[in-house]
**Student:** 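After the structure tokens below, expect a handful of questions from me.
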Amino acid sequence: MNAKDITFLEDTFKKFYFEHFELLHVPNDPNQREFGYQKFNGGMNRHISLKSDKELHLLLMQNKPSDVYCSNARYMFPSLPMSEKDWQNAELIFDIDAKDLRKEHPKNNTLIKCSDCNEISALGDSCPNCQSTKLSFTTLTCDDCIKSTKDEVLKLNKILVDDLGINEENIKIFFSGNEGFHIYVHKSEYESVGSRERAELSDYIMFRGGIPETFGFKKFNTNKSSLPKFDDVGWNGRLAKHLYGIKSNRSKISQEILSGGYALFQKKLEDFRDSIGIKIDPNVTQDIHRIFRLPGSINSKSGLTKIFVEDLKKFDPYIDACFIDDEEIEVAANCPIEFSLKKKKFGPFNNEQVSVPKFAAVYMMCKGIASSV
Amino acid sequence: MIAIFKLSWYTIVMVNLGNDEIVKYPFLAEAGKYLSDKGFSLDQFGTDPDLKKIVDNAFERIITSSEGRIFKSDPLSNNSALPLEIFSFLIAVILLKLSGMNTLIRRFSLAEARRAEKFLEKDLMNHQDATKTKLSLQILQELFSVTVEKIDEEFTISVSDYLKHSINFHEREWKLINRKVTNGKVHLTPHETVRLVRKELDRHIYTKINSSSTPEMIIGFETYVDKLKQLAKKFEVKTVESKEFPPCIKHAIDVLEKGENLPHSGRFLLATFLLNKGQTVEQIAPLFKNAPDYNPKVTIYQLNQLSGISGTTEYKSPSCEKVKGQNLCFPVPACDTIINPLQFGRKRV
Ligand code: SF4
Ligand SMILES: [Zn+2]
Ligand SMILES: [Zn+2]
């Protein structure tokens, strides 16, 4: 990103922070948290200790960060190097991101950037300019993606409550600021468990590593009645619903499964990972030393804010998480597809100078498809 | 002379441990108190010909365990005024302490743990006598802080407790996904419940023996003790100055080579260990190439951070205790004398 764009974004973010201090808080146990931030084109600064909202606000004003983070872990000495921090516990966290849900790039919402000639174009198999296939993909606003991520969040929520016994009141959902959701579990028995245990939890949630025996299919002498039933708890019940669709199909379909044999069922279990497993990012859940985007802060991948979601159904990130003002400004935009923010449609812009509201300008600059003039 | 026989068992407050129970779980008894309550002093065992049989039994019990077998219980032998099996356990501990042979103590605790495991399982399932079930639940609670609840014929334990114990098992049926999980509880059979704490049971008995103080030599015990010392030699592994990596490091490399995911703490351990051993970032980076989330740029960046090239801090390898806490420690006898994996294999002077 060029210096001019950086200054523009830094100032815009700073203005947002200044006007929205009420959105930015340290957790209620700040002394035990590690904070960190990044600057545009800069590395990560971490191992920072902040004692109050005031100190946080000061950091935002002085350092003009592009992104701000806070650990989900609690430490005795959060500002010491990792090996000396003395880890205490950590909230359980989950990341559900649209990119992990998509089977393919959404046709109307994806741009390709050519790594050879830097050309930006609408989705295709190769660069229309130089035919290179070294491409990177950028997704712009997409309601379908948000819808399916929300569904995934609801499924996760149900497993957390029904299977893992977490009190629903302690589950807090945040929009990630780009195209996903961050889920925090507060005050649970899981706070004390380590990384390998969390990896097990991820496997459970993602439906990984299941063996046929778990679902009543033994190598020998299996009969229909031991296969999953509709009213079974946990994955057995969910698998039953997935397999049979409706209760009355059970007899017929379970017979088919049985005749398919053990090995086939085993293979199918792996396929079910894709269809019924919850698509969380396991690395986030099992990393107990992570610094995670701070609620209320702007995500520099999009210029949208990571924000608490009160009513997931009604929540529209492209309205509710877009806090930049709508002062008209001029930018050079190269955006071959359309996107929409705050209920307004923008683009396509064909390498042209356009006047758009600041929030749209920021969005495009963060996505790397516009530059200040 | 009673004074020399102060075994510092830490007592577990249990509801009236009857003789029956102590036979099954002799490690729960407070040894010194138990013997003196019964009107015995240690010295008597060395000199009284009538008690010699018990010392012989104790010796046998150690031999059996050293061969990897479980000492066979004979319930009848405990009915007399002399609960033979309890005594033989307590005397065995004395003999072990006097011999000072750690390999024997290890084998003994393991065999005793297996023995107790069988009783625990039986007691959990005891339908006739609810107090038996209650006591075994209490043992699980007090020894291993595992709260097991009995619901109808099933036993349940909280998911987080389950994970903390099962994480060290590698069989797939122990994966959480292969368990009945509901409402934050994992459902288990009595056998599985007990299996879950096997390691801890072993460790409990081992540390209990290890932390008890060694009495002065008891007249009449010398031959037994000498024989034990001889026996232990058989198990000694001749340790040559080894360039071998400690098990925690081997495990980490193993996991990466298999392309499985090594948690952050494991990568940190491996990287700092190798850096401290003088390997370069370039030599280490390829180790991570099989990791599911491998990204060469990020890996090099992180390694550089650790080695202090691009960052300002140089990281020391975490201590064994830290590693243990992260469940990445798989100690072997050579680990006993060290506090940091970096010391592994270093000769002591
Ligand atoms: S005791 Fe130390 S060296 Fe041995 S395996 Fe554990 S951590 Fe590694
Ligand atoms: Zn090109
Ligand atoms: Zn989409």
**Student:** Checking heavy atoms, do the side chain of A:Q286, its backbone, both or neither come under 4.5 Å from chain B?
**Tutor:** side chain
**Student:** Give a yes or no answer on whether the side chain of A:R196 reaches the backbone of B:P263 with a donor-acceptor pair at less than 3.5 Å.
**Tutor:**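 Judged by distance alone, no pair lies under 3.5 Å.
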**Student:** Is it the side chain or the backbone of A:N283 that comes within 4.5 Å of chain B heavy atoms, both, or neither?
**Tutor:**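 Answer is side chain: those atoms of A:N283 sit under 4.5 Å from chain B.
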**Student:** With rounding to the nearest 0.5 Å, note down the distance linking CG in B:N327 to OG in A:S195.
**Tutor:** 9.5 Å
**Student:** Would you mind checking which part of A:R208 comes under 4.5 Å of any heavy atom in chain B, side chain (CB onward), backbone (N, CA, C, O), both or neither?
**Tutor:**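 Contact with chain B: backbone only.
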**Student:** Please determine whether a side-chain nitrogen of the Lys or Arg among A:E200 and B:K175 lies less than 4.0 Å from a carboxylate oxygen of the Asp or Glu.
**Tutor:** yes
**Student:** Do other residues, nucleotides or ligands put more than 12 heavy atoms under 6.0 Å from B:K122 NZ?
**Tutor:** no
**Student:** What part of B:Y162 gets within 4.5 angstrom of chain A, counting heavy atoms only: side chain, backbone, both, or neither?
**Tutor:**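 Nothing of B:Y162, per the 4.5 Å heavy-atom cut-off to chain A.
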**Student:** Atom CD of residue position B:E321 - does it have more than 12 heavy atoms of other residues, nucleotides or ligands inside 6.0 Å?
**Tutor:** no
**Student:** Using a cut-off of 6.0 Å, state whether more than 12 heavy atoms not belonging to A:K187 lie near its atom NZ.
**Tutor:** no
**Student:** Can you tell me if A:K268 has over 12 outside heavy atoms packed within less than 6.0 Å of its NZ?
**Tutor:**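 12 or below, so no.
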**Student:** Where is the tightest heavy-atom contact between A:E189 and B:V159, given as atom of each residue plus distance?
**Tutor:** OE1-N, 3.7 Å
**Student:** So which of A:G43, A:G194, A:G210 has the largest heavy-atom pair count under 4.5 angstrom toward chain B?
**Tutor:**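 Top count of heavy-atom pairs under 4.5 Å with chain B: A:G210.
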**Student:** In terms of heavy-atom contacts, does CE of A:M44 have more than 12 from other residues, nucleotides or ligands at under 6.0 Å?
**Tutor:** yes
**Student:** Looking at B:I151, I want to see if its CD1 is surrounded by more than 12 non-hydrogen atoms of other residues, nucleotides or ligands under 6.0 Å.
**Tutor:**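 Yes.
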**Student:** Counting only heavy atoms not in A:E169 (residues, nucleotides, ligands), do more than 12 fall under 6.0 Å from its CD?
**Tutor:**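 Not more than 12 within 6.0 Å, no.
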**Student:** Flag the one option from B:N178, B:V181, B:T182, B:N183 with the top tally of heavy-atom pairs under 4.5 Å to chain A.
**Tutor:**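 The option with the most such pairs is B:N178.
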**Student:** Where do B:K164 and A:E197 land on the side chain to side chain contact (heavy atoms under 4.5 Å, CB included) test, with the steps shown first?
**Tutor:** CA-CA 7 Å; B:K164 283 176 198 160; A:E197 288 87 348; 4.0 Å; yes
**Student:** Assess the side chains of B:K180 and A:T214: does a donor N or O sit below 3.5 Å from an acceptor N or O?
**Tutor:**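 Their side chains do not contain a donor-acceptor pair, so the 3.5 Å distance test is not met.
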**Student:** With rounding to the nearest 0.5 angstrom, report the OG to CG distance, B:S160 to A:L201.
**Tutor:**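 B:S160 atom OG to A:L201 atom CG measures 9.0 Å (nearest 0.5 Å).
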**Student:** Specify the closest pair of heavy atoms between A:D86 and B:K322, including all atoms of both residues, with the distance to one decimal.
**Tutor:**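 That closest heavy-atom pairing would be CA-NZ, 4.0 Å.
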**Student:** Can you tell which part of A:M206 gets under 4.5 Å to a heavy atom of chain B, answering side chain, backbone, both or neither?
**Tutor:**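 Looking at A:M206, nothing touches chain B.
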